[in-house]
Amino acid sequence: MKTNVRFAVSVTIASVLLVVGMFCLAADDDLRTWTSADGRHTTRGAFLGFKDGRVQLRRADGVEVAVPSSSLSAEDREYVRTELQRRRQETAGATEKKPTAGTAPATAAGSWPRWRGPNLDAHCAETGLMQKWPDAGPRLVWQVEGLGTGYASVSVAGGKIFMMGRKSGTEHLIALNAADGSPRWSTPLGPGRNQRGSNCTPTVDGDLVYAISIEGDLICARTDNGETVWRKNFAQDFGGKMMSSWGFSESPLVDGNLLVCTPGGPQAAMAALDKKTGRPVWTTAMPYGGSHGGDGAGYSSIVISQGAGVKQYVQLVGRGVIGVAADTGHLLWRYDRIANGTANIPTPIVSGDFVFCSTGYNTGAALLKLTRNGRGVQAVEQYFLDANRLQNHHGGMVLLDGYIYCGHRHNEGFPICVELNTGKIRWGGDQRGAGSGSAAVLYADGHLYFRYQNGVMALIEATPQRYNLKSSFKLASVRAESWPHPVIAGGKLLVRDQEVLMCYDVRK
């Protein structure tokens, strides 16, 4: 293989930045034969990892080269995907066994401390899970009721499960024993008048837990007894509002000493508070008005990006995707082509300098690249996929080894795999799958867990090579739309259905 060959990236992995550090953790003596896509060139080399989107190899003669995966054979690309997955799991396991000073509880085994997990990416690092389920599904370990209505998912930390639910017209922050689902405590937040109930997944940080009610009541409480530490209200304290009538749905972000949230006000589109006291540190001014979407907060949650070398908080709001400077709250950039006027929901995906976003309601999906613009940052559209090619309603998206997996079509959830860098559809998008309605998606141990709106849970192999449905079963409880996102913690699959929480054992 010619050493001056340059690869266009087909596998871009932000999460691998955490796994392989500076991309040199591979064993140098693990030589294999690499073949070009056309089969005309081969070389012997050890796989080192990725840097700036290029495959890093050390040839047998000791020379290090950077060559791109779209020019590699299909077998080599599959090897790269599998090897990166293995390293990620291996590193996650090592982190669990050897916590470092200052490590958050998110790294503990069996922990899922916030929306979309420890790294905000819907990746569960646990291994040893079933690769195929029995015909009737995994064993139902326990099922508890009386938890209040709502579509919120759960978080798990310190042997407790945290969730929200509406009881007798009041929203509650609730803690259960993780072992058997028995109640620990329940703290009222305030009235819950909209829809069925809560949409926020609580965020756990040490001995404190944070949650936002559908009416915009933000609470900080103690994890041991539910005692309130401080409270805020988005409308009263920040002039906040939602883009439409279904109520606040954000899961707050804890980053260092800050609690970051999205009130949706013209002078506080986003706000950072001291997590211990609730004292405002900064707010983000974002005047109302725009060509797409609607004013106010969306239904998404904040993620952290280091795009263009600037730490920033990325969020999907009523007027589209925004980037906010993490140190000052200054609005860095905004992109509104992805916004619709009804409900902007899926949490964006960040990958290096890139941001991937999608919304339903016949809108579409886009890949943005963050670049420096003088002293600021700008978002440059790399491609836009119309609604016929990709639109994710509210089931969320998972990025794995350079590929986006999610449900496609508004309120449909057709399984689909899309190459992040190019927008090319690798498979799916035109087939119903095991269930019907929107699909909430989680990744764990080589598989995608699709929870469909009609209560069917599906296990799909996480590979760009083909759509491979491994198993499916019907959940024990289906009282309303099966929208809450599934969680795996300690080998247990936790699935909320309105007042009910189900716990399945998915270990081998």
Side-chain angles (χ1 to χ4, degrees), residues 102-106 113-115 118-120 155 173 189-190 200-213 215-223 227-242 248-288 295-298 300-319 321-334 347-348 350 370 375-377:
T103 299
R114 57 186 176 183
W115 168 246
N119 298 315
L120 303 168
S155 52
L173 174 60
L189 274 72
C200 164
T201 300
T203 301
V204 184
D205 180 62
D207 59 358
L208 299 176
V209 57
Y210 305 84
I212 301 169
S213 79
E215 300 289 343
D217 291 302
L218 168 61
I219 187 174
C220 169
R222 301 192 184 282
T223 57
E227 178 186 345
T228 300
V229 178
W230 55 262
R231 289 174 178 261
K232 296 289 181 181
N233 178 273
F234 281 173
Q236 296 171 11
D237 295 311
F238 301 102
K241 63 168 285 186
M242 283 297 295
F248 289 95
S249 301
E250 173 188 24
S251 299
L253 171 69
V254 173
D255 182 31
N257 294 322
L258 298 180
L259 183 287
V260 193
C261 54
T262 315
Q267 298 304 313
M270 194 179 292
L273 315 178
D274 184 297
K275 70 179 183 181
K276 295 293 183 65
T277 67
R279 178 183 61 84
V281 176
W282 52 251
T283 58
T284 302
M286 182 177 168
Y288 285 164
D295 294 328
S300 175
S301 294
I302 300 167
V303 290
I304 303 171
S305 169
Q306 299 285 349
V310 177
K311 183 177 180 179
Q312 56 198 280
Y313 300 123
V314 175
Q315 173 67 301
L316 176 64
V317 298
R319 290 293 180 184
V321 187
I322 62 173
V324 172
D327 55 350
T328 64
H330 174 68
L331 181 65
L332 296 171
W333 56 268
R334 57 194 293 185
T347 296
V350 295
L370 306 183
R375 304 176 85 179
V377 178

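Just so we're clear, the structure is a prediction, and the values are computed from it rather than from any experiment.
Judged by distance alone, with hydrogens and angles left aside, the side-chain atoms of T283 form no donor-acceptor pair with the main-chain N or O of A268 at under 3.5 Å. Using a distance-only test at 3.5 Å, with no hydrogens or angles considered, no donor-acceptor pair links the side chain of T201 to the main chain of S251. A donor-acceptor distance shorter than 3.5 angstrom exists from the side chain of Y210 to the backbone of K275, with no hydrogens or angles considered. For the pair T284 (side chain) and G329 (backbone), a donor-acceptor distance under 3.5 Å is present. Looking only at distances, no side-chain donor or acceptor of R231 sits under 3.5 Å from a matching main-chain atom of G278.
Of all the heavy atoms in F234 and T262, the pair that sits closest is CE1-O, 3.9 Å. Here the closest non-hydrogen pair linking V317 and G296 is CB-O, 3.9 Å. Closest approach of C261 and E250 over heavy atoms only: CA-OE2, 3.3 Å. The shortest non-hydrogen separation linking K276 to W230 is O-CD1, 3.3 Å. Smallest separation of non-hydrogen atoms from G239 and P266: O-CD, 3.9 Å. When every heavy atom of S300 is checked against every heavy atom of Q315, the shortest pair comes out as OG-OE1, 3.0 Å.
A heavy-atom distance below 4.5 Å is not found between the side chains of L259 and K232. Using a 4.5 Å heavy-atom cutoff, the side chains of I322 and M270 are in contact. Counting heavy atoms from C-beta on, the side chains of L253 and L120 come closer than 4.5 Å. Side chains of L173 and L189 form a contact here, defined as non-hydrogen atoms less than 4.5 Å apart.
Note that CD1 of I219 and CG of N233 are 12.5 Å apart. Values are rounded to the nearest 0.5 Å. Atom CG of residue L258 and atom CG of residue L273 lie 8.5 Å apart, to the nearest 0.5 angstrom. If you take OG1 on T347 and CG on L316, they are separated by 8.0 Å, rounding to the nearest 0.5 Å.
Of the listed residues (S301, P252, S249), just one forms a side chain to side chain contact (heavy atoms under 4.5 Å, CB included) with C200, and that residue is P252.
For D295, the salt bridge (charged side-chain N to carboxylate O under 4.0 Å, His left out) test picks out R319, with sequence neighbours left out. Residues that satisfy the salt bridge (charged side-chain N to carboxylate O under 4.0 Å, His left out) test with D207, not counting sequence neighbours, are absent from this structure.
The side-chain hydrogen bond (donor to acceptor under 3.5 Å, both in side chains) analysis of residues 324-334, with sequence neighbours excluded, yields the pairs Q312-W333.
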| task | Just do the side-chain contact (heavy atoms from CB on, under 4.5 Å) check on L218 and F238 with the steps written out, would you? | result | CA-CA 12 Å; L218 168 61; F238 301 102; 5.7 Å; no
| Step-by-step side-chain contact (heavy atoms from CB on, under 4.5 Å) determination, V350 to I304 | CA-CA 8 Å; V350 295; I304 303 171; over 6 Å; no
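No more than 12 heavy atoms of other residues, nucleotides or ligands sit less than 6.0 Å from atom CG of N257.
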